[in-house]
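Each remark here refers to the structure printed beneath this line.
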Amino acid sequence: TVTTTLESDSTMIFTFTGQADLSALTTFNIVAWVSLTNDESTVNDTIADSVTNYAIPLVNLGNDTTICAGVDLTLDATAAFTSYIWSDGSTNSTLVVNSGDTYVVTVFDAVGCSGSDAIIVSTSSFIAPSLHTDTTICVGTSIDLDAGTYDAYLWEDGSTSQTFNVTTTGVYTVTVSEASTSCTAATSVYIEVLAPTSTFTMPAAFCESDPALTLTASPVGGNFSGSG
């Protein structure tokens with residue numbers, strides 16, 4: 001209650017010190033009025049207004065996660081909001097990422113309220129296997145291909161060991177995987193098995209007095225055997 005004397009056409013500013021709990025998600029109707037002794041006009045004695053308390057938009061990008069190198073991950077803020085802005089400035093409801101970083105999205109609803117969420121995306125240290133450079137071996141020999149240390153292996157013949165023994169010509173492929181990240185990678189190598197061949201160069205007739213006979217073999221590096 002304020003008691004004071006007002007002259008005609010004068011103005012008094014009054015600040016309400018009372019507090020009200022407006023935390024509920026609803027519309028509050030607020031009415032303020034004055035009561036003046038000998039009031040000749042009550043037209044402006046009452047002020048009415050309303051305040052609507054809207055919920056903050058809730059957006060959830062999911063838990064922090066790890067992706068494999070070179071693999072795309074789509075972050076989805078859903079289509080439930082009016083507009084979006086991501087930490088890179090893009091404004092779609094989704095964002096495709098393929099590198100480690102912290103990604104933030106702010107969403108806006110129809111009344112202009114905003115909400116945000118962030119997700120930390122890490123890149124796995126998973127490295128693709130390296131079998132061997134394409135190479136050749138001699139018939140009757142073999143080569144062991146070693147895929148390195150991983151959690152699981154799958155060769156083209158269905159075997160699941162870390163190593164694979166090659167004795168025939170072909171392309172050999174292994175797919176490896178890492179259990180903690182579900183990352184997978186594949187690599188191939190071509191192995192050719194060579195059978196030694198020999199080429200003999202000699203005249204139509206060979207006499208005891210003729211120069212020595214030249215024998216040529218391919219590939220280079222073999223040993224000749226025989227008698228004559």
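Checking T65, T102, L61 one by one against I120, the side-chain contact (heavy atoms from CB on, under 4.5 Å) holds for a single residue, T102.
Using modelled atom types, one finds a donor on one side chain and an acceptor on the other under 3.5 Å when comparing D157 with S159. Checking N29 against S50 by side-chain atom types alone, no donor-acceptor pair falls below 3.5 Å. Looking only at atom types and distance, the side chain of T94 has no donor-acceptor partner in the side chain of N92 under 3.5 Å away.
The list of disulfide bond (SG atoms under 2.5 Å apart) pairs with a residue in residues 47-122, not counting sequence neighbours, reads C68-C183.
One distance of note links CG of D144 with OG of S161; it measures 11.0 Å at 0.5 Å rounding. T175 contributes atom OG1, which lies 11.5 Å from atom OH of Y150 (distance to the nearest 0.5 angstrom). Atom OG1 of T163 and atom CD1 of I143 lie 12.0 Å apart (nearest 0.5 Å). Of the inter-residue distances, the one linking L194 atom CG with C138 atom SG reads 6.5 Å to the nearest 0.5 angstrom. Summarising the geometry, atom CG belonging to D117 is positioned 9.5 Å from atom OG1 belonging to T106; distances are rounded to the nearest 0.5 Å. Note that OG1 of T184 and CZ of F126 are 6.5 Å apart. Values are rounded to the nearest 0.5 Å.
The minimum heavy-atom distance linking L58 with F81 is given by the pair O-CZ, 3.3 Å. Closest heavy-atom contact between V121 and S99: CG1-O, 4.0 Å. V59 approaches S116 most closely through the heavy-atom pair CG1-C, 3.7 Å. Shortest non-hydrogen contact noted between A118 and V104 is CB-CG2, 3.7 Å. Among all heavy-atom pairs drawn from P57 and D109, the shortest one is CG-OD2, 3.6 Å.
In this structure the side chain of T167 never reaches within 4.5 angstrom of the side chain of V193, judged on heavy atoms. V174 places a side-chain heavy atom less than 4.5 Å from the side chain of L131. Y172 places a side-chain heavy atom less than 4.5 Å from the side chain of F164. At least one side-chain heavy atom of I30 sits under 4.5 Å from a side-chain heavy atom of V51. Counting only heavy atoms from C-beta outward, the side chains of V105 and V107 approach each other to under 4.5 Å.
Under a 3.5 Å cut-off, the side chain of N53 and the backbone N or O of A24 do form a donor-acceptor pair. Put simply, the side chain of D151 never gets that close to the backbone of E178: no donor and acceptor are under 3.5 Å apart. Without hydrogens or angle criteria, Y153 side chain to G148 main chain gives a donor-acceptor distance under 3.5 Å. Side-chain atoms of T66 do not come within 3.5 Å of backbone N or O of T123 as any donor-acceptor pair. Judged by distance alone, with hydrogens and angles left aside, the side-chain atoms of T27 form no donor-acceptor pair with the main-chain N or O of T52 at under 3.5 Å. A donor-acceptor pair is defined here as one N or O able to donate and one able to accept, closer than 3.5 Å; no such pair exists between the side chain of D101 and the backbone of Y103.
Ring to ring, Y84 and F108 are not that close: their centroids are 6.0 angstrom or more apart.
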Identify all side-chain donor-acceptor contacts of residues 69-76 below 3.5 Å with residues at least two apart in sequence or on another chain.
from, atom 1, to, atom 2, distance (Å)
D72, OD1, N98, ND2, 3.3
D76, OD1, T78, N, 2.7

Donor-acceptor pairs under 3.5 Å, side chain of residues 185-192 to any protein atom, not counting sequence neighbours: which ones?
from, atom 1, to, atom 2, distance (Å)
S188, OG, T173, OG1, 2.5

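Heavy-atom contacts from other residues, nucleotides or ligands closer than 6.0 Å to CD1 of I127 number 12 or fewer. Counting heavy-atom neighbours within 6.0 Å of N63 CG, excluding the residue itself, gives a total of 12 or less.
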